[in-house]
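What you see is a predicted model, and the numbers here were worked out from it, not measured in a lab. Chain A is the first sequence line, chain B the second, and so forth, proteins listed ahead of strands; every chain is numbered from 1.
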Number of protein chains: 2
Amino acid sequence: MVKSKIPQATAKRLPLYYRYLNNLQHQEKTRVSSKELSEAVKVDSATIRRDFSYFGALGKKGYGYNVEYLLNFFRETLDQDELTEVALIGVGNLGTAFLKYNFLKNNNTKIVKAFDTAGTKIGTEIGGVPIFHIDELEERLPGIKVVILTIPASEAEVMTERLVKIGVEGILNFTPARITVPSHVRVHHIDLAVELQALVYFLKHYPLEDKKE
Amino acid sequence: MVKSKIPQATAKRLPLYYRYLNNLQHQEKTRVSSKELSEAVKVDSATIRRDFSYFGALGKKGYGYNVEYLLNFFRETLDQDELTEVALIGVGNLGTAFLKYNFLKNNNTKIVKAFDTAGTKIGTEIGGVPIFHIDELEERLPGIKVVILTIPASEAEVMTERLVKIGVEGILNFTPARITVPSHVRVHHIDLAVELQALVYFLKHYPLEDKKE
DNA sequence: ATGGTTTTGTGAAAGTAATCACGAAAACTT
DNA sequence: AAGTTTTCGTGATTACTTTCACAAAACCAT
């Protein structure tokens, strides 16, 4: 196993590369250069080569990268063939969007259970995912290590404590609340309001005109 | 106007600070230290002081920061009192989540129009936002510089071209597609599948146990 | 085969961000 | 009023990330 010396910035780009390589394979392309990839995923070609180089010499000079080889390599590296089961807490609009999104297409990450409080939803399925009452969390969650949190901010902290107690190790938090977790739990934050505000701020204060990104 | 020398990493944290300061004011707290702030928003206190320092000396030694003063200062800096109008393209589940989210609460960023193709939605309102048919884009969009894109990936590229032609300057792209835009248009990408995969990857390859973040 | 072309992989440099650590100022305490 | 404590602001350091630029390898055309 490649040791944990892969930069985080690189790790975040891997799923992106993986997805595009998949597209290429469907188009029956057999080779691709870092330059082509660069244009497609909007990442500098030198950065792409550097990213790949952390895993060894995957390409051939004067040729580029073999799509199938690269794809197989990443499939292993990204644990693509080991299905990661995920639970979703909070079946509002955002939660529903996730349930309908078929992650399995490229990811081998699958939402297998959802939880909510609303009586009308309990017992139904959305996108093939069964929805349980939140009271059943303790009995139904064990075994699942990753959770998507799409509940109101006010409930985030209490829910987080519950999740941590059950043994969750990763939380994708869409709540504006900055939740507190023990040091062994990883939280990734996606704050929709902040993203929008940041975009507006950049527009006003960082006039671009010939920047690449 | 503070010149564009504020690091982008800092700019991204400003909305976060702003929101928490708002909470404090509602709690009628008058002062706050970088340490307190740090615990609440999970950003190192030195980083917070550094962030603030780009705007000048906003605090007092031995005291901390005055909540009201800081809030007023940021209100101006973040253009909080200048309402930024935003349009949303694609009223699916994700789009609906945005429409119901009341950005105005802290942001002075407001979604004023939404567009979709689905006949059943046209003419209705969600969260007070009127929904128009996408065919009316060219006549209704002018004046709006920022757009949230929550449509299927397959339509992203064509839609982007349309938006750019109308004069949009910022796109918050929730599509997995990496869209191509002229250099004066700013795109922020939020790729839900990538975020989930990245979290899973980090969990497997970056075991934490005593890391802070 | 040979020579020109393509494209990798990577040292080195540049750019960006986070963190340490401490003097100085202001605030509290007695 | 003097001493102690708090907390800022920032120079310096360290860490991380991107980009440049080029030798070396492999390809491709004749």
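Sequence neighbours left out, the pairs with a member in residues 153-168 of chain A that pass salt bridge (charged side-chain N to carboxylate O under 4.0 Å, His left out) are E138(A)-R162(A). Within the structure, ring-ring contact (aromatic ring centres under 6.0 Å, His included) pairs that include any residue of residues 152-174 of chain A comprise F98(A)-F174(A) (at least two apart or interchain).
Looking at residues two or more places apart in sequence or on another chain, you find a side-chain contact (heavy atoms from CB on, under 4.5 Å) between K60(A) and Y63(A). Not counting sequence neighbours, R178(B) has no partner by the salt bridge (charged side-chain N to carboxylate O under 4.0 Å, His left out) test. Remark: K29(A) pairs with E36(A) by the side-chain hydrogen bond (donor to acceptor under 3.5 Å, both in side chains) rule, at least two apart or across chains. Residues meeting the ring-ring contact (aromatic ring centres under 6.0 Å, His included) test with Y20(A), sequence neighbours left out: none. Taking K204(B) as the reference, D79(A), E82(A), T84(A), V200(B) meet the side-chain contact (heavy atoms from CB on, under 4.5 Å) condition, with sequence neighbours excluded.
Direction change of the helix axis from one end of the helix from dA1(C)-dT30(D) to dT30(C)-dA1(D) to the other is 30°, with five pairs defining each end axis (rounded to 10°).
Spacing between atom CG of D51(B) and atom C1' of dT7(D) amounts to 17 Å, rounded to whole angstrom units. Between N66(A) atom CG and dA26(D) atom P there is a gap of 15 Å when expressed in whole angstrom units. In this structure, the CD atom of Q8(A) is 6 Å from the P atom of dT17(D), given to the nearest Å. Atom CD1 in I48(A) sits about 16 Å away from atom C1' in dC20(D), given to the nearest Å. Put simply, NZ on K12(B) is 15 Å from C1' on dA18(C), counting in whole angstrom units. The distance between atom CG of D44(B) and atom P of dT14(D), rounded to the nearest whole Å, is 17 Å.
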Contact letters for nucleotides 6-14 of chain C, in which S counts primed atoms plus P, OP1 and OP2 and B counts the base, heavy atoms under 4.0 Å
BBBBBBB--
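In terms of phosphate contacts, T47(B) brings a side-chain nitrogen or oxygen within less than 4.0 Å of OP1 or OP2 of dT19(C).
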Verdict with supporting geometry, N22(B) and R19(B), side chain to side chain donor-acceptor pair (under 3.5 Å)
CA-CA 5 Å; N22(B) 246 315; R19(B) 188 164 53 202; over 6 Å; no
